[in-house]
A.B. asks: 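There's a structure below that I have some questions on.
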Amino acid sequence: MEVCYQLPVLPLDRPVPKHVLGRRGAICLTSSPILFGGPAPRQLSKRRGAISYDSSDQTALYIRMLGMSASHRKHTLKTPTVITYTHMEIGQSEAEQPVRSVLSFQKNLHSSHYSRNHTHATHHTLDQEYIGQAKCLLRKVGSWSFDIFLFDRLSNGKSLVDLTLHLFIDYGLIKLFRLDLLKLRQFLVMVHEAYRRQNPYHNALHAADVTQAMYCYMQEPQLSESLTSCDILLGLLAAATHDLDHPGVNQTFLIKTNHYLASLYQNASVLENHHWKCAVSLLRESGLLSHFPSEDRQNLEERLGSLILATDISRQNEYLSQFRAHLDRADLHLNNSQNRHFILQMALKCADICNPCRPWHISKLWSHKVTDEFFSQGDSEKRQNLDVSILCDRNANTVAKIQIGFISFVVEPLFLEWARFSDTPLSQIMLGHMTSNKYKWTHLPQEDLRESTQSTSSKTLPQGGLGP
């Protein structure tokens with residue numbers, strides 16, 4: 001399947017060329033349900049049911065009109081539609097723009113149309129058709145080269161919601177735990193909104209990336225054969241919520257500025273405690289687990305906190321030493337619930353800092369984002385006449401310098417031990433990317449290390465989707 005990656009947005013102030021206006025069939029309707037098919041983008045302009053915006057360069061936008069099969073036409077004609085306009089988000093680069101339809105059709109549905117396990121909406125939207133492309137990518141959600149930036153664009157900026165919901169369905173957790181589908185989606189939307197969009201790095205997209213990585217790790221042979229359904233539920237919940245309401249600054253900054261969170265948690269794992277309490281708050285507010293016995297619900301909340309607290313980077317050496325000692329003694333038996341929980345903690349730690357182990361084009365984007373957040377904190381510290389935190393001074397650091405140190409002293413020691421525990425092709429792929437990326441940060445010319453908004457998300461997906 002060939003997919004068009006250009007944003008399906010035609011700004012209202014963008015002129016349409018005369019040769020497009022003069023073309024026969026420039027705008028027409030069709031009963032075909034297909035959005036983007038096999039033909040190349042330029043050929044789409046010749047197809048029935050296309051709105052074509054032609055251009056000689058690669059920024060041409062091709063938009064297919066709403067297509068509905070005949071089987072749904074009768075219902076659709078009886079249902080009034082509301083037309084709303086959406087716009088590209090201001091202040092984001094083109095590669096980061098969420099996909100928005102020019103017209104978003106929404107049916108005026110009543111809540112009585114929904115049941116506990118209602119899985120198919122009865123309305124059809126352009127956005128739903130675009131989500132069809134996101135669903136195509138989700139077939140490769142277990143691939144380490146999965147492009148979360150591209151998926152975020154194709155899911156209208158809701159990558160965390162759609163990816164996590166897909167994994168809950170894929171694992172059969174909704175049926176196993178008798179979860180209300182609407183409550184689950186409401187909870188995931190609340191989680192998505194609890195992340196601060198203004199953060200360059202610690203935002204919902206990072207949470208989606210960590211959740212996808214966590215899924216990859218839980219699919220590894222040792223884990224997939226031993227994890228219980230409760231372990232999997234906790235792993236996904238922890239990955240999705242591990243940085244909830246992150247303020248975009250580190251613990252040191254909160255302590256230096258006498259932030260109330262630092263006082264509340266007595267300067268210990270300040271951010272991680274906050275993320276955990278936010279996650280518990282949203283679980284309770286959504287009522288997702290309200291049908292659980294109170295003792296089971298409390299136990300799950302405590303285990304969720306234990307996983308999130310393990311992501312505290314200041315305790316990295318503590319967890320790494322425990323991990324290494326277990327491996328040296330060969331006493332990690334995954335039929336033991338405590339050992340499984342410890343491995344989930346280590347898996348989440350790996351997922352949280354796995355960016356240097358991703359393919360270069362993805363890893364580089366993350367590197368620039370986290371550095372932007374560091375430097376933003378440093379600028380704030382300078383404005384408040386505070387000592388600038390390490391790594392946060394833009395005049396004393398570069399992206400390459402930060403990444404080389406981070407890989408050498410944090411990432412490499414952890415992933416070498418993970419490879420000892422799980423000696424699989426995935427572990428070797430991650431170590432290979434890590435070594436290659438470190439080499440590039442060390443040796444490539446500066447112009448090749450600059451941030452680029454051009455990732456695989458701006459290219460055409462070859463037939464067969466993403467690679468291994």
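Note that the structure is a prediction, hence the values are computed from the model and not measured. Atom set for the values below is all heavy atoms of this structure, side chains included, hydrogens, waters and symmetry mates excluded.
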A.B. asks: Among all residues two or more places apart in sequence or in another chain, which pass the salt bridge (charged side-chain N to carboxylate O under 4.0 Å, His left out) test with Asp209?
C.D. replies: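 By the salt bridge (charged side-chain N to carboxylate O under 4.0 Å, His left out) rule, Asp209 matches Arg358.
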A.B. asks: Pairs in or reaching into residues 402-419: which pass salt bridge (charged side-chain N to carboxylate O under 4.0 Å, His left out), with residues at least two apart or in two chains?
C.D. replies: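 Passing the test, one end in residues 402-419: Arg324-Glu417, Glu412-Lys438, Glu417-Arg420.
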A.B. asks: Are Glu272 and Arg315 close enough for a salt bridge, meaning some N to O gap below 4.0 Å?
C.D. replies: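 Salt bridge absent between Glu272 and Arg315.
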A.B. asks: Under the side chain to side chain donor-acceptor pair (under 3.5 Å) rule, collect the residues that match up with Ser269, sequence neighbours excluded.
C.D. replies: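 Applying side chain to side chain donor-acceptor pair (under 3.5 Å) to Ser269 gives Asp312.
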A.B. asks: Taking side-chain contact (heavy atoms from CB on, under 4.5 Å) as the test, write out the residues that go with Tyr439, two or more places apart.
C.D. replies: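 Tyr439 satisfies side-chain contact (heavy atoms from CB on, under 4.5 Å) with His443 only.
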A.B. asks: With Asn336, which residues qualify under side-chain contact (heavy atoms from CB on, under 4.5 Å), at least two apart?
C.D. replies: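 Scan of Asn336 (side-chain contact (heavy atoms from CB on, under 4.5 Å), adjacent residues dropped) gives Gln338, Asn339.
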A.B. asks: Report the residue from Leu181, Leu163, Leu237 that forms a side-chain contact (heavy atoms from CB on, under 4.5 Å) with Phe168.
C.D. replies: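 Of the listed options, the one satisfying the test is Leu237.
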A.B. asks: Once salt bridge (charged side-chain N to carboxylate O under 4.0 Å, His left out) is applied, do any residues pair with Lys382, and if so which ones, sequence neighbours excluded?
C.D. replies: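 For Lys382 the salt bridge (charged side-chain N to carboxylate O under 4.0 Å, His left out) partners, ignoring immediate neighbours, are Asp393.
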A.B. asks: Kindly determine whether Gln222 and Ser422 satisfy side-chain hydrogen bond (donor to acceptor under 3.5 Å, both in side chains), including the steps that lead there.
C.D. replies: CA-CA 7 Å; Gln222 286 198 68; Ser422 179; 5.1 Å; no
A.B. asks: Considering residues at least two apart in sequence or located in another chain, which fulfil the side chain to side chain donor-acceptor pair (under 3.5 Å) criterion with Asp379?
C.D. replies: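 Applying side chain to side chain donor-acceptor pair (under 3.5 Å) to Asp379 gives Arg394.
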A.B. asks: Enumerate the salt bridge (charged side-chain N to carboxylate O under 4.0 Å, His left out) contacts for residues 335-347, please, sequence neighbours excluded, ordered by first and then second residue.
C.D. replies: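 Qualifying pairs: Asp231-Arg340.
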A.B. asks: Go through it in stages, so that I can follow the logic: the residues are Leu431 and Cys357, the test is side-chain contact (heavy atoms from CB on, under 4.5 Å), and I'd like the CA-CA distance, side-chain angles, deciding distance and then a yes or no.
C.D. replies: CA-CA 6 Å; Leu431 291 178; Cys357 299; over 6 Å; no
A.B. asks: Suppose we screen for side chain to side chain donor-acceptor pair (under 3.5 Å). Which residues come up paired with His341, at least two apart in sequence or across chains?
C.D. replies: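 Testing His341 for side chain to side chain donor-acceptor pair (under 3.5 Å), a comparison that skips the adjacent residues, returns Ser306.
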A.B. asks: Salt bridge (charged side-chain N to carboxylate O under 4.0 Å, His left out): which pairs involve residues 210-219, sequence neighbours left out?
C.D. replies: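 For residues 210-219, and leaving out neighbouring residues, there are no salt bridge (charged side-chain N to carboxylate O under 4.0 Å, His left out) pairs at all.
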A.B. asks: Could you walk me through whether Asp245 and His275 pass the side-chain hydrogen bond (donor to acceptor under 3.5 Å, both in side chains) test, one step at a time?
C.D. replies: CA-CA 7 Å; Asp245 194 39; His275 305 325; over 6 Å; no
A.B. asks: Do Tyr265 and Trp276 have ring centres separated by under 6.0 Å?
C.D. replies: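 Ring centres of Trp276 and Tyr265 not closer than 6.0 Å.
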A.B. asks: Take Gln186 and Asp180, measure what side-chain hydrogen bond (donor to acceptor under 3.5 Å, both in side chains) needs, and give me the verdict at the end.
C.D. replies: CA-CA 10 Å; Gln186 178 190 23; Asp180 186 312; over 6 Å; no
A.B. asks: Sequence neighbours left out, what passes side chain to side chain donor-acceptor pair (under 3.5 Å) with Gln377? Give chain and number order.
C.D. replies: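 Asn250, Glu381, Ser389.
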A.B. asks: Give me each pair satisfying salt bridge (charged side-chain N to carboxylate O under 4.0 Å, His left out) with a member in residues 347-356, each pair once, sequence neighbours excluded.
C.D. replies: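 Every pair satisfying salt bridge (charged side-chain N to carboxylate O under 4.0 Å, His left out) with a residue in residues 347-356: there are none.
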A.B. asks: Looking at His202, is its backbone amide N or carbonyl O close enough to the side chain of Glu373 to form a donor-acceptor pair, meaning the two atoms are under 3.5 Å apart?
C.D. replies: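 Yes, because the side chain of Glu373 sits within donor-acceptor range (under 3.5 Å) of the backbone of His202.
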A.B. asks: Tell me whether the centres of the aromatic rings in His274 and His259 are closer together than 6.0 Å.
C.D. replies: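 Centroid separation for His274 and His259: 6.0 Å or greater.
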A.B. asks: Whether the Gln384 and Ser380 side chains hold a donor-acceptor pair (N or O, under 3.5 Å, no angle test) is what I'd like checked.
C.D. replies: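 Yes - a donor-acceptor pair under 3.5 Å links their side chains.
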